[in-house]
2 protein chains.
Amino acid sequence: MSQTQMLKGILDGCLLAIINVKECYGYEMASRLNDYGFDYVSEGTIYPLLMRMQREELIISTRRKSTAGPKRKYYRLTDKGEKALQDFIYRWEQLDKSVNAIIHREIREKGE
Amino acid sequence: MSQTQMLKGILDGCLLAIINVKECYGYEMASRLNDYGFDYVSEGTIYPLLMRMQREELIISTRRKSTAGPKRKYYRLTDKGEKALQDFIYRWEQLDKSVNAIIHREIREKGE
DNA sequence: TCCACATACCTTGTATAACAAGATATTAAT
DNA sequence: ATTAATATCTTGTTATACAAGGTATGTGGA
């Protein structure tokens, strides 16, 4: 029952959402996540995730020069990635509703 | 990026919340979760989870006769379990806020 | 020039937890 | 006796976040 477990299956959707706002590279995403209120997310988490999503053709990358340091890999969504993001948002909202219902003890009607 | 991954680290808190409302036994919890809007959660998920939480002294069980079938194990929260539930709710609300901020593109101020 | 440092990416191994599938036992009804 | 619903539990698999560490590039200061 840790914060790391709670992120499972959620982080990938969050990265898609971040990329959707604006092209972004891995190293920057950690701090971006932080801005949104997440605790520090390891690069050992982010990079494998990005590579997996690229393999699944949800995102594609372009290498560009950095102002300071090695080249960056900027990611953007594919059409498939945009669909995956919409799907994630839907599933998140379902979960959100369910968990909040439990916490606030609001049992839904069966027929809904 | 499946529904099953999204439940990780969340199901245990949800079960604590359910038990907190009213003593409950494993078999019943599946349908209770369903009432709250969750998809079917396997018994192969629920029972090991209950046993783990009992081992961690978050819940304790009492065997009682069933109206039809073998004895039920009714669970209730310990003091430690109540604290764990409060802790879960806090962490859930943090996550909830963060994910919704990302989805709705509301970047928080750093100083907050 | 040389070195420290921030930037930027990647790999390996580990731990956790949800799940499918199936086993077992009890009670009621046919 | 047989079937079905109830109720619990076990085994093996899979997915994924993370710690720890490695590699490479560019800037600025000594």
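Note: hydrogens, waters and symmetry copies are ignored here, and every other heavy atom, side chains too, is used. Proteins come first, then strands; the chains are lettered A, B, ... in the order of their sequence lines, and each starts at number 1.
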Pairs under 3.5 angstrom, nitrogen or oxygen only, protein versus nucleotides 18-21 of chain D, please.
residue, atom, partner, partner atom, Å
D/dC18, OP2, A/Thr45, OG1, 3.0

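A heavy atom lying under 4.0 Å from DNA chain D marks the following residues of residues 17-26 of chain B, by number: B/Tyr25, B/Gly26. Shown for residues 62-71 of chain A: residues whose heavy atoms fall under 4.0 angstrom of DNA chain C, namely A/Ser66, A/Ala68, A/Pro70, A/Lys71.
Applying the side chain to side chain donor-acceptor pair (under 3.5 Å) test to every pair with at least one member in residues 37-46 of chain B, sequence neighbours left out, gives no pairs at all. A salt bridge (Lys or Arg N to Asp or Glu O under 4.0 Å) check over residues 73-85 of chain A, counting only residues at least two apart or in different chains, returns the pairs A/Glu23-A/Arg76. Residue pairs meeting the ring-ring contact (aromatic ring centres under 6.0 Å, His included) criterion with at least one member in residues 59-79 of chain B, sequence neighbours excluded, are B/Tyr25-B/Tyr74. Counting only residues at least two apart or in different chains, ring-ring contact (aromatic ring centres under 6.0 Å, His included) contacts with residues 43-63 of chain A are absent. Sorted by first and then second residue, the salt bridge (Lys or Arg N to Asp or Glu O under 4.0 Å) pairs with a member in residues 53-63 of chain A read A/Arg52-A/Glu56; sequence neighbours excluded.
Regarding contacts with the backbone of C/dA17, a side-chain N or O of B/Arg52 is found under 4.0 angstrom from either OP1 or OP2. The phosphate of C/dC9 has neither OP1 nor OP2 within less than 4.0 Å of any side-chain N or O from A/Tyr27.
Using a 4.5 Å heavy-atom threshold, the side chains of A/Val41 and A/Asn34 count as separate. A 4.5 Å side-chain heavy-atom check between B/Tyr36 and A/Lys97 finds every atom pair outside the cut-off. Two residues are said to be in side-chain contact when any heavy atoms from C-beta on lie closer than 4.5 Å; A/Leu50 and A/Ile19 meet this criterion. A/Ile102 places a side-chain heavy atom less than 4.5 Å from the side chain of B/Phe38. Side-chain atoms of A/Asp96 and B/Asp96, non-hydrogen and from C-beta on, do get closer than 4.5 Å to each other.
Side-chain atoms of A/Met51 lie closest to C/dT11 of the nucleotides C/dT11, D/dC9, C/dC9. The nucleotide whose nearest atom lies closest to any side-chain atom of B/Arg72 is, among D/dT16, D/dA7, C/dC9, D/dA7.
Between the axis at the start and the axis at the end of the helix from C/dT1-D/dA30 to C/dT30-D/dA1 there is an angle of 0°, using five pairs per end and rounding to 10 degrees.
Considering only residues two or more places apart in sequence or on other chains, B/Asn20 meets the side chain to side chain donor-acceptor pair (under 3.5 Å) condition with none of them. Take B/Glu28 and apply the salt bridge (Lys or Arg N to Asp or Glu O under 4.0 Å) test, not counting sequence neighbours, and it matches B/Arg32. For A/Ser66, the side-chain contact (heavy atoms from CB on, under 4.5 Å) partners two or more places apart in sequence, or in a different chain, are A/Arg72.
Per the geometry, NZ belonging to B/Lys73 stands 19 Å off P belonging to C/dT24, to the nearest Å. Atom pair A/Tyr75:OH and C/dA8:P shows a separation of 14 Å (rounding to whole Å applied). Regarding B/Arg32, its CZ atom lies at a distance of 16 Å from the C1' atom of D/dA7, rounded to whole Å. Rounded to a whole Å, the CE atom of B/Met53 is 13 Å from the P atom of D/dC9. To the nearest angstrom, C1' of C/dA15 lies 18 Å from CE of A/Met6. B/Leu33 places its CG atom 14 Å from the C1' atom of C/dC19, with the value rounded to the nearest Å. The distance between atom CZ of B/Arg55 and atom P of D/dC9, rounded to the nearest whole Å, is 12 Å. A/Leu49 places its CG atom 15 Å from the C1' atom of C/dC9, with the value rounded to the nearest Å.
Between atom CE of residue B/Met53 and atom CD1 of residue B/Ile59 there is a gap of 4.5 Å, rounded to the nearest 0.5 Å.
Heavy-atom nearest nucleotides on DNA chain D were determined for B/Tyr74 and for A/Ile10, and the one closer to the 5' end corresponds to B/Tyr74.
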